[in-house]
Amino acid sequence: MEQIQQQQQQPVVVCGGGVIGVCTAYFLAKKGASVTLIEKSSIACAASGKAGGFLALDWCDGGPLSNLARASFNLHRSLSLQLDGPQAYGYRPLHALSLSLSLSLSLSDHPVAVPPNSSRPTILPSWVDGPARNPKTIGTTDTTAQLHPHLFTRTLLSSAVANHRLEVVIGELERVEVDGAGRASAVVLKDGRTMKADAVVLALGPWSCRLPLLSSLFRVSGLKVHSIVLQPREPHTITPHALFLSYYPAHGDAEKPLDPEVYPRPTGEVYLCGPSAEAEVPDDPEQVVGDPEAIKVLRRVAELVSSHLGEGEAHVKAEQACFLPSTDDSVPVIGEIPGAKGCYVATGHGCWGILNGPATGAAMAELVLDGRTSIVDLTPFSPSRFVSSRQL
Ligand SMILES: Cc1cc2nc3c(=O)[nH]c(=O)nc-3n(C[C@H](O)[C@H](O)[C@H](O)COP(=O)(O)OP(=O)(O)OC[C@H]3O[C@@H](n4cnc5c(N)ncnc54)[C@H](O)[C@@H]3O)c2cc1C
């Protein structure tokens with residue numbers, strides 16, 4: 001695909017304005033391509049705007065995501081030096097703790113701050129003043145960080161629009177046209193507009209399999225996950241500690257055990273996510289709303305974690321839900337689509353899409369423009385793994 005960079009006539013068209021599509025468009029444009037990004041609703045309107053924004057260097061080690069995650073964690077750090085600032089997207093290293101939270105303990109029963117057999121005592125931050133137990137350090141400022149995912153995605157896009165050849169089109173992709181030589185040549189939108197393309201990248205998250213070109217190869221399902229954003233009255237008391245909770249409701253309570261997560265942000269707001277459910281992904285991302293029961297559970301967890309997050313102490317800024325895009329083997333699909341030359345897919349990033357966006361985008365830009373990647377080996381993510389040897 002070296003010829004694309006040298007004799008580009010038509011843009012590279014990237015479909016989907018979530019973190020994966022925007023990172024891909026950003027790195028393509030930075031490498032000199034003319035890029036059109038097509039988004040059907042608004043930029044980062046789905047999981048990419050409603051995620052926690054937690055990043056970890058080594059939590060994917062030992063699995064197929066390890067190299068992608070490590071490369072991406074480091075890219076996030078360098079991107080933040082170029083693009084982040086006081087009004088940008090709130091990147092910062094932070095500590096991460098695991099805790100258990102049980103309603104069978106009374107709120108006045110003070111937690112044990114030093115876990116047994118721990119060589120490095122973990123002290124609970126003072127704002128975590130509810131019935132939390134067994135705190136353990138699971139990430140430090142060298143290995144864990146955070147950002148605001150909606151602001152990150154939009155900052156990257158604005159930078160590419162301002163400094164490179166990137167145009168955003170609001171419209172819904174209907175299909176990709178493949179010419180007689182089996183090569184992607186154009187995209188057709190639902191409203192009838194057709195755009196010629198030198199290459200097409202499909203980054204449609206949980207909507208990927210609405211396209212027969214992809215659903216004929218693999219499945220991407222969506223798990224609905226709820227979250228809330230709180231603005232405490234005294235934000236200065238909340239320190240940069242991400243909390244990974246095991247929450248055991250009181251005996252007889254209808255709620256099941258849960259693993260909610262709590263992320264204080266540099267803006268002073270506190271993000272919590274947790275209850276999930278199998279649900280149909282609606283056509284319109286703006287129609288994804290939270291289930292009131294799940295939101296109630298998150299409000300209860302918030303007030304148990306900290307008196308600063310209880311009713312009257314914190315204002316509710318958002319109650320929401322979004323879908324995690326997952327493949328059947330839980331590994332993202334990143335690469336050229338078998339049988340459609342010049343047409344690429346990047347989806348199925350599960351619970352690590354914000355972390356893995358930059359390395360996915362940078363590697364995809366290399367693959368599209370140079371025909372090979374140097375930043376990370378994409379072989380484990382190839383869509384051809386879903387094609388039986390007889391079909392190849
Ligand atoms: C509650 C929650 C918390 C999370 N927390 C974290 C975290 O802390 N760290 C982390 O690394 N990851 C996290 N994730 C995972 C992360 O949010 C996702 O993996 C990531 O956002 C997926 O990005 P995406 O671009 O693939 O999909 P999406 O964000 O879903 O974007 C897909 C886009 O495609 C558009 N689209 C769909 N169909 C069409 C079409 N036909 N034409 C044009 N546009 C179309 C949609 O409108 C949408 O904007 C979390 C996820 C959830 C649900």
Side-chain angles (χ1 to χ4, degrees), residues 13-25 36-56 59-60 65 68-69 72-73 76 96 144-150 152-153 168-176 187-191 201-211 214 220 222-229 242 244 260-263 265 271-276 281-288 290 294 298 318 320-327 332-334 345-361:
V13 174
V14 178
C15 304
V19 71
I20 302 300
V22 167
C23 285
T24 302
T36 301
L37 177 75
I38 298 176
E39 162 56 46
K40 78 169 172 183
S41 180
S42 61
I43 298 300
C45 60
S48 302
K50 296 175 180 168
F54 180 77
L55 314 172
W59 289 21
C60 299
L65 289 179
L68 186 72
S72 230
F73 186 85
H76 268 298
T144 48
Q146 73 175 151
L147 50 72
H148 190 302
H150 192 263
F152 167 71
T153 308
V168 179
V169 170
I170 297 299
E172 183 171 353
L173 172 74
E174 187 175 71
R175 63 175 197 279
V176 178
V187 296
V188 181
L189 306 193
K190 270 246 162 80
D191 59 15
V201 180
L202 303 172
L204 305 174
W207 291 273
S208 297
C209 287
R210 306 271 156 118
L211 283 194
L214 299 180
V220 178
L223 181 71
K224 187 174 179 184
V225 189
H226 293 80
S227 55
I228 58 173
V229 182
F244 291 79
E261 296 164 17
V262 182
Y263 305 129
R265 289 176 167 160
Y271 171 99
L272 286 96
C273 65
S276 61
V281 181
D283 271 342
D284 180 359
E286 309 291 350
Q287 280 176 7
V288 181
L298 281 173
Q320 59 198 13
C322 57
F323 284 86
L324 282 180
S326 300
T327 57
V333 198
I334 312 169
V345 61
T347 188
H349 287 71
C351 63
W352 286 118
I354 308 299
L355 168 64
N356 289 322
T360 299

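Ligands are counted one by one from 1 in listed order, and the atoms in each one are counted from 1 as well.
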Ignoring angles and geometry beyond distance, decide whether [X] reaches within less than 3.5 Å of ligand 1 through its nitrogen or oxygen atoms.
X	result
Gly53	yes
Leu324	no
Pro285	no
Ile354	yes

Does [X] come within less than 4.0 Å of ligand 1, judged by its heavy atoms?
X	result
Ser227	no
Gly171	yes
Tyr271	yes
Thr347	no

For [atom], closest protein heavy-atom neighbour:
atom	answer
atom 23 (O) of ligand 1	Ser48 OG, 3.2 Å
atom 49 (O) of ligand 1	Glu39 OE1, 2.6 Å
atom 44 (N) of ligand 1	Lys40 N, 3.1 Å
atom 37 (C) of ligand 1	Trp207 CB, 3.6 Å
atom 30 (O) of ligand 1	Pro206 CD, 3.3 Å
atom 27 (O) of ligand 1	Gly205 CA, 3.5 Å
atom 41 (N) of ligand 1	Leu173 O, 3.2 Å

Give a yes or no on whether the backbone of Pro282 and the side-chain of Trp207 come within a donor-acceptor separation of less than 3.5 Å.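 Pair found, side chain donor or acceptor close to backbone of Pro282.
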
Shortest non-hydrogen contact from Ala203 to Ile20?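 Smallest heavy-atom distance, with atoms named: CB-CG2, 4.1 Å.
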
Identify the heavy atoms of Thr144 and Ala56 that sit nearest to each other, and give their distance.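 Scanning both residues, the minimum pair turns out to be CG2-CB, 4.2 Å.
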
Between Phe54 and Trp352, how do the two ring planes meet: parallel, tilted or perpendicular, split at 30° and 60°?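 Rings of Phe54 and Trp352: tilted, 30 to 60°.
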
I'd like to check which ligand 1 atoms, numbered from 1 as shown, lie under 4.0 Å from a non-hydrogen atom of [X].
X	answer
Leu355	10 (C), 11 (O)
Cys45	47 (O), 49 (O)
Ile20	23 (O), 24 (P), 25 (O), 26 (O)
Gly350	15 (C), 16 (C), 18 (C), 19 (O)
Phe54	7 (C), 8 (O), 9 (N), 10 (C), 11 (O)
Gly52	3 (C), 4 (C), 5 (N), 6 (C), 8 (O)
Cys351	6 (C), 9 (N), 10 (C), 11 (O), 12 (N), 13 (C), 14 (N), 15 (C)
Val225	1 (C), 53 (C)

Side-chain heavy atoms of [X] within contact of [Y], under 4.5 Å:
X	Y	value
Val22	Glu39	no
Val225	Ser227	no
Leu202	Leu173	yes
Pro285	Lys40	yes

Ser72 and side-chain contact (heavy atoms from CB on, under 4.5 Å): which single residue from Thr360, Ile354, Asn356, Leu65 fits?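 Answer to the side-chain contact (heavy atoms from CB on, under 4.5 Å) test with Ser72 among Thr360, Ile354, Asn356, Leu65: Asn356.
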
Spacing of NE2 belonging to His349 relative to CG belonging to Leu355, to within rounding of 0.5 Å: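 Reported to 0.5 Å precision, the distance equals 9.5 Å.
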
For atom 45 (C) of ligand 1, tell me which residue out of Leu204, Leu223, Leu147 has the closest non-hydrogen atom.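 The nearest heavy atom belongs to Leu204.
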
